[in-house]
Amino acid sequence: MRILFVHGTGVRRERFDTLFKQVREALHERFPDADIPPCYWGDTHGATLGADGKSIPGHHQTRGAPGGATPPDQETAEWHLLLADPLCEMRVLAELSSGAEGYGTPGVQVAGRAVADRLAQLPSKMPATDALAVLLRATGLSEYYSAALAAVAESSEFEKACARAQDSDATGEVTAAAARAVVAWLLAAAGEGALCTGAERDTLVNMLTERLGGTGRGPLDKIGAVLGTLALRVTTQPALNHWRGRITTGATPAVGDILRYQARGGPLRDYVRQTIAAAPGPTVVIGHSLGGIALVDVLALAAAEQKPLPGLKLLVTVGSQAPFLHELGALTSLEPGDGLPKGFPTWLNIYDRQDLLAYQAQPIFPAGADVTDFEVSSRQPFPVCHSAYWKLDSVYDRIADAVKGSG
């Protein structure tokens, strides 16, 4: 019997040699007489950056931060933090504002109380021609406006910040922070449905600031001193900007292999098919990740052409995305909704539910298809679990059982 192992995405020679040695030794323990040849495709059919990453913004800049990236963008970082927690600036301001909490002596209104009154009085519905209403519609945020006003106005953070604002500087900060909190709440609620540029976001903030009695952005020195540096350290966008070149080039083998296969997978499928057919006889094919996609495509296309590969006893996919691609209608070999063609071999699909790149096959194909799912657990989180299959005895034992069952 021959067992052919087809590796997955991102694997190159050094890693393949280590992985294949491990897999072959574990399989030989269970199949001592089996022929287990390598099926390495990474160098020939894997993805590379043909122009050395020149398409990546900032990757080849020589000035600025290490790695050629531009310096972190504090404004973007601040808004990243606000989208995660729209009241974060208000909370800091409430703790830093000077003056005793409360509304002062009888008959004398604390300055911050005026901001609270103006926010409470802002109409949630405006004439269609109102400039703010027009911009809210244009940015896809109008349906969330009423809830955003209420969320900020009724928050204990806003109430506390207003109560402690007892001079014009403090009031200006409360006004600016309240406007930013409302806009951040809008953007967070809309999510990907927001159609809003940074310039439109700033215009919304300015409009709300003016309607709350402030001018422009207002002084935010106290908040900036606390949250500015923190935002740069804890939010992801500045880090992504800073390291985009290295992140992209580092991810190219893994992500690029998938993209290349989806666009130009024919040569890899031809190579896999030729390797399987090179030695007709009892054969088991095992595919990890993208290797499993390629095997499903090769075998489904061969069966549909009524040219099934001779001697093929069993298909094993491990941590593979083939079922998910078929559910999306993105699997090359099968039309959306189609079942497996007649002549497709017995299929064992092994997955770990912690592996975000692993999917179940049985629910995707009609009853009666010779497809079995088998769940394992490496007790590792993603992405470590995507490679940990090959250290699990349960994987090899289940493959051995499937081989015995296939006769």
Side-chain angles (χ1 to χ4, degrees), residues 4-27 36-56 59 67 236 239-240 243-273 275 285-298 315-326 328 330-332 349-359 361 376 378 380-392 395:
L4 195 67
F5 174 73
V6 184
H7 67 83
T9 181
V11 176
R12 296 299 182 261
R13 174 55 70 179
E14 183 176 356
R15 183 179 167 197
F16 175 78
D17 289 343
T18 301
L19 175 62
F20 182 64
K21 181 176 182 292
Q22 177 180 304
V23 172
R24 182 167 55 185
E25 288 177 354
L27 289 172
I36 308 178
C39 183
Y40 174 65
W41 54 263
D43 289 338
T44 304
H45 302 290
T48 59
L49 288 170
D52 193 29
K54 291 180 180 178
S55 62
I56 306 167
H59 182 42
T236 58
L240 291 176
W243 298 107
R244 179 174 177 177
R246 295 187 182 185
I247 291 171
T248 305
T249 54
T252 292
V255 178
D257 284 356
I258 297 172
L259 296 177
R260 177 166 174 161
Y261 179 80
Q262 289 298 100
R264 295 180 175 84
L268 174 54
R269 288 191 293 273
D270 290 343
Y271 170 71
V272 170
R273 180 168 183 164
T275 305
V285 289
I286 302 172
H288 180 220
S289 191
L290 178 56
I293 298 174
L295 283 172
V296 170
D297 279 337
V298 166
L315 163 67
V316 181
T317 56
V318 180
S320 181
Q321 305 85 49
F324 181 62
L325 290 180
H326 187 41
L328 290 174
L331 192 64
T332 299
N349 179 61
I350 299 176
Y351 72 97
D352 182 335
R353 69 179 58 230
Q354 306 302 326
D355 180 5
L356 302 184
L357 296 176
Y359 295 88
V376 298
S378 67
Q380 286 279 37
F382 182 81
V384 178
C385 58
H386 187 59
S387 298
Y389 294 100
W390 310 113
K391 300 297 288 291
L392 300 178
V395 168

With a 4.5 Å heavy-atom cut-off, do [X] and [Y] have their side chains touching?
X	Y	value
V272	L295	yes
Y351	S320	no
L315	V296	yes
L19	F5	yes
V318	W390	yes
T332	R269	yes
I286	V6	no
Y261	T9	no

| task | Apply the test ring-ring contact (aromatic ring centres under 6.0 Å, His included) to residues F16 and W41: give CA-CA distance (whole Å), side-chain angles for both, the deciding distance (0.1 Å), then the verdict. | result | CA-CA 10 Å; F16 175 78; W41 54 263; 9.4 Å; no
| field | Distance, nearest 0.5 Å, that separates CG of L325 from CD of Q262 | value | 5.5 Å
| request: Enter the distance from R260:CZ to L290:CG here, rounded to the nearest 0.5 Å. | output: 11.5 Å
Residues [X] and [Y]: side-chain donor-acceptor under 3.5 angstrom:
X	Y	value
S387	R15	yes
S289	H386	yes
Y40	D17	no

[X] to [Y] - nearest heavy-atom pair and separation:
X	Y	answer
G46	D257	CA-OD1, 3.2 Å
G319	A358	CA-CB, 3.7 Å
L4	P38	CD1-O, 4.4 Å
L356	F382	N-CD1, 3.4 Å

| message | I'd like to know if the side chain of Q321 reaches the main chain of L357, judged simply by a donor and an acceptor atom lying under 3.5 Å from each other, with no hydrogens or angles considered. | response | yes
| request: Would you check if the side chain of D43 reaches a backbone N or O of R12 as a donor-acceptor pair within less than 3.5 Å? | output: no
| V285 and V316: side-chain contact (heavy atoms from CB on, under 4.5 Å), yes or no, with the steps? | CA-CA 6 Å; V285 289; V316 181; over 6 Å; no
| said: side chain to side chain donor-acceptor pair (under 3.5 Å) for D355 and Y389? Distances and angles first, verdict last. | reply: CA-CA 10 Å; D355 180 5; Y389 294 100; 2.8 Å; yes
| Pair F20 and H7, ring centroids less than 6.0 Å apart | no
